[in-house]
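We count ligands from 1, going down the list as the structure has it; atoms in each ligand are counted the same way.
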Amino acid sequence: MKRKLSAESHEVMKQLIARHSTVCIFLLAPFAIASLLQEKWWLGAWTSFIVSIFAVNLWAIIYQDRYFPKMVRFVLAPAIIIFSGVCLMTLEMMGVFWLYPIIVSFYFLLKRQDAWIANILVMCFAIPFVSIHFDAAYAIRIVTSLVMISIFSAIFTQLISAQEARLKALIVTDHLTGLYNRSLLNERLSEAIQQYNRSRAPMTLITMDLDHFKTINDQYGHIAGDRVLKKVSEVLIRRSREVDTIFRTGGEEFLVVLYNTDLEQGIRAAESYLRLIAATQCIPQKTVTMSAGVATLKEDESAEQWMLRSDNSLYKAKDAGRNCVIADCDA
Ligand SMILES: Nc1nc2c(ncn2[C@@H]2O[C@H](COP(=O)(O)OP(=O)(O)OP(=O)(O)O)[C@@H](O)[C@H]2O)c(=O)[nH]1
């Protein structure tokens, strides 16, 4: 999951840098040229340098579908911090105006902690400069407004990140049981396959399906059926190890990916799931049972083939009378 989410964050970051770069190139380039024409060499040089770093990143995003995070963090951010000092020294009062967009932009270009550090460094230039060059009434207002802009930006970006994390969690979670839903399944199976290819650690799949669940719904109602699904999920969570990943793949279907687990261990795990579920009072006076299929990953097997073997074993368990485990021993 981590990889999928970080790939999405990377995509968001790329778009942010692209938009940021476009705005900065168009709005800063004329000032860079004007400063050079006015022979304000330092200011012109720093502004041109910053514009060119944005341009390099924008070029990379457009033509190579990537940007340079290290360049942004270790070259662009320090360059902007120095630029804020150069602006104050060269432009004095007018230089203060540039500090506002600079402060906000750090929160979009950098990780939160880096943005705080960058802001503190800008303040280290700004506060002494403003205190020396402006009378107290101006200095207090400038510093206060800069601090406010920084805090508001921090709050705003923090809220967006929290909202984003909540949405991402919602997308991969089954609302009824709290287990993962199907959307993460392929990702997790591919990860298990990659891990197997690297370390040869055995990986096992258990596919499970409640027996005669339709009858439970018909006899006790859908709400009772939902309660059974929740109870079963609780049992699966309680019985599983921290590393195992449990999915509700469909209505009354569940799937567990067991890492570092061979076929024997997988069969034992499936049997203990079934035993525990049969022993759990999901509905008063009624024993709820499950059937399970088990398959251990084979060499050069795809996720689809692996899952198909596990599914076929489950069908065999249903055909064999239900409430039992059938393993695909064709390894
Ligand atoms: N309460 C509840 N029922 C659901 C949910 N999702 C699917 N179902 C029901 O699950 C039942 C599945 O029925 P079938 O596919 O016939 O399977 P079964 O009755 O369990 O029979 P076997 O699998 O052959 O043992 C259907 O009645 C669906 O309506 C859900 O979220 N809540």
Side-chain angles (χ1 to χ4, degrees), residues 1 4 166-189 204-240 244-258 261 263 266-297 303-330:
M1 178 162 104
K4 185 177 182 181
R166 261 200 299 277
L167 284 175
K168 281 173 181 168
L170 271 180
I171 290 168
V172 297
T173 306
D174 170 52
H175 297 193
L176 179 68
T177 60
L179 298 176
Y180 287 123
N181 60 28
R182 269 200 106 89
S183 60
L184 204 63
L185 183 59
N186 285 340
E187 178 83 14
R188 276 296 154 100
L189 293 180
T204 295
L205 263 192
I206 303 178
T207 314
M208 288 170 283
D209 187 288
L210 284 168
D211 296 330
H212 301 302
F213 191 58
K214 187 173 178 327
T215 320
I216 295 176
N217 272 331
D218 293 345
Q219 279 181 4
Y220 301 90
H222 253 77
I223 294 174
D226 284 355
R227 214 175 310 128
V228 170
L229 292 170
K230 279 193 221 167
K231 280 263 183 204
V232 167
S233 308
E234 282 164 23
V235 169
L236 296 180
I237 292 168
R238 204 163 359 104
R239 168 62 185 79
S240 301
D244 301 334
T245 319
I246 315 168
F247 297 85
R248 182 181 173 211
T249 45
E252 37 28 307
E253 291 169 26
F254 298 86
L255 184 147
V256 187
V257 186
L258 300 157
T261 304
L263 192 67
I267 294 169
R268 279 205 297 278
E271 284 171 346
S272 80
Y273 288 142
L274 264 56
R275 254 197 322 274
L276 277 173
I277 284 160
T280 304
Q281 273 272 296
C282 297
I283 291 180
Q285 320 302 329
K286 168 114 185 126
T287 303
V288 173
T289 63
M290 241 182 170
S291 304
V294 184
T296 298
L297 179 65
E304 291 76 27
Q305 291 164 331
W306 185 19
M307 231 164 66
L308 187 67
R309 283 194 303 115
S310 184
D311 280 346
N312 286 340
S313 302
L314 170 63
Y315 298 138
K316 285 180 191 160
K318 290 274 180 187
D319 288 342
R322 297 178 171 81
N323 191 21
C324 63
V325 176
I326 299 275
D328 184 306
C329 300
D330 178 26

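Between D328 and N312, every side-chain heavy-atom pair lies at or beyond the 4.5 Å cut-off.
When only modelled atom types and interatomic distance are considered, S272 and R239 share a side-chain donor-acceptor pair under 3.5 Å.
With values rounded to the nearest 0.5 angstrom, E253 atom CD is found 5.0 Å from D209 atom CG.
Using a 4.0 Å cut-off between a side-chain N of Lys or Arg and a carboxylate O of Asp or Glu, K318 and D211 qualify as a salt bridge.
A cation-pi contact, defined as under 6.0 Å to the ring centre and within 45° of the axis, is absent between R188 and F247.
Annotation for L170: atom CG counts as buried by contact number, over 12 foreign heavy atoms lying within 6.0 Å.
The immediate protein surroundings of ligand 1, defined as residues with any heavy atom under 4.0 Å of it, consist of D209, L210, D211, H212, F213, K214, N217, H222, G225, D226, L229, R248, G251, E252, K318, R322.
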